[in-house]
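This report refers to the structure that appears directly beneath it.
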Amino acid sequence: GPMVHLDAPTGGQSEMERRLPSLAQEMYQLDVVVDFNPSSSNYMELQWESDAGESYLVLRVGKTEDRLELWRISPSDEQRLATSPPGILDRSFSVLSVALMHQANHRYALSWGLDGAWETVTSEPDSLLLPASKLLLRCVYSASRSDKMALGPITVTGRPAGLGAKPRA
C-alpha cells in the first residue's frame, strides 16, 4: 500500500497529524520501514491524543534498547505500559508491521510482525483509557537519516462509540 516517506533536507523532527473517528475497542495497524538501526537520536513515535484530557498514549519505535515501548504520558507522570523484547530492531534495515488494540479490560494489546513472525504483549492496566481523537506521527532523525524512514498504510478499525451500550430504562 501507499507509504509516507520522510525526505527532509536536514536533521530534526517531522510531524504529521490526523483526526480519528470516534470508535470503541479500536485497533490501529500500520507498517514501519526503518533503513538503519534506530537510536535515541533516530526513532519514530506514534502519539494518540484525546480531546477529553491532557494525557496521551505514545508508541516509541526504536528510541530505547532497539524495541517498541508503549507509554501513557500525563502532565505529572510517565507510565510504561508495554514493551517488546529488547533488540528486535537491532538491525540495519527493518520492515515492521505494528498493531495496537484498545481492549475492553483497560489494557492494550501491542502486536508486531517482523520477518514473518508475529508476537503480542498485553499492557499494564490503563486507568485513563480515553478514546483517541487524533493520531500524531513523529520522526526524530539526524541529517544522515533524514530520508531513511517510511510509514503506512494506517488502518483504523472498531465499532462506532456508543454501539452495544444498554439502553437506559
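These numbers were taken from a predicted model, which means no experiment stands behind them. One is the number of the first residue; the rest follow in order along the sequence. Side-chain atoms are counted along with the backbone in the values below, which use heavy atoms only and exclude waters and symmetry mates.
V34 is not listed as a side-chain neighbour of Y43, based on a closest heavy-atom distance of 4.5 Å or more. Within the 4.5 Å cutoff, side-chain heavy atoms of M44 are placed close to those of V32. With contacts defined as side-chain heavy-atom distances shorter than 4.5 Å, the pair L59/L100 does not qualify. Considering only heavy atoms from C-beta on, E49 comes within 4.5 Å of Q47 through its side chain. Using a 4.5 Å cut-off on side-chain heavy atoms (C-beta onward), L68 and T83 make no contact. You'll find the side chain of R19 reaches within 4.5 Å of the side chain of D51, heavy atoms only. Between H106 and D126, every side-chain heavy-atom pair lies at or beyond the 4.5 Å cut-off.
Nearest heavy-atom pair across Q79 and P125 is NE2-O, 4.0 Å. Between A132 and Y28, the shortest heavy-atom distance links the atoms CB-OH, 3.6 Å.
Listed for the S94 side chain is no donor-acceptor partner under 3.5 Å among the backbone atoms of L96. Between the side chain of S123 and the backbone N or O of L110 there is no donor-acceptor pair closer than 3.5 Å.
When hydrophobic clusters are built by joining Ile, Leu, Val, Met, Phe, Trp and Tyr residues whose side-chain heavy atoms come closer than 4.5 Å, directly or via intermediates, L135 is grouped together with L70. In the hydrophobic cluster analysis, where Ile, Leu, Val, Met, Phe, Trp and Tyr join through side-chain heavy atoms closer than 4.5 angstrom, L114 is grouped together with L30. Cluster annotation: V156 is connected to Y108 through the hydrophobic network of ILVMFWY side chains, with a link wherever side-chain heavy atoms come within less than 4.5 Å. Hydrophobic clustering keeps M101 apart from V58 (ILVMFWY residues linked when any side-chain heavy atoms are closer than 4.5 Å, directly or through intermediates). Cluster membership for V121 and L89, using ILVMFWY side-chain heavy atoms within less than 4.5 angstrom, is shared.
With sequence neighbours excluded, no residue satisfies ring-ring contact (aromatic ring centres under 6.0 Å, His included) with W71. Partners of D35 according to the side chain to side chain donor-acceptor pair (under 3.5 Å) rule, which considers only residues two or more places apart in sequence or in another chain, do not exist here. Qualifying salt bridge (charged side-chain N to carboxylate O under 4.0 Å, His left out) partners for E124, counting only residues two or more places apart in sequence or in other chains: none. Under the side-chain contact (heavy atoms from CB on, under 4.5 Å) criterion, P85 pairs with I88, W112, E119, not counting sequence neighbours. Judged as a ring-ring contact (aromatic ring centres under 6.0 Å, His included), and not counting sequence neighbours, Y56 has no contacts. By the side-chain contact (heavy atoms from CB on, under 4.5 Å) test, R18 pairs with M16, sequence neighbours left out.
Note: T122 OG1 to L81 CG = 12.0 Å, rounded to the nearest 0.5 Å. Put simply, CG on D90 and CD on E65 are 11.5 Å apart, with the number rounded to the nearest 0.5 Å.
Looking at R67 and E69, a side-chain N of the basic residue comes within less than 4.0 Å of a carboxylate O on the acidic one, giving a salt bridge.
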Would you sort out whether W48 and L20 count as a side-chain contact (heavy atoms from CB on, under 4.5 Å), showing the intermediate values? CA-CA 9 Å; W48 289 268; L20 295 171; 3.9 Å; yes
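Using modelled atom types and a 3.5 Å distance limit, the side chains of S74 and S55 yield no donor-acceptor pair.
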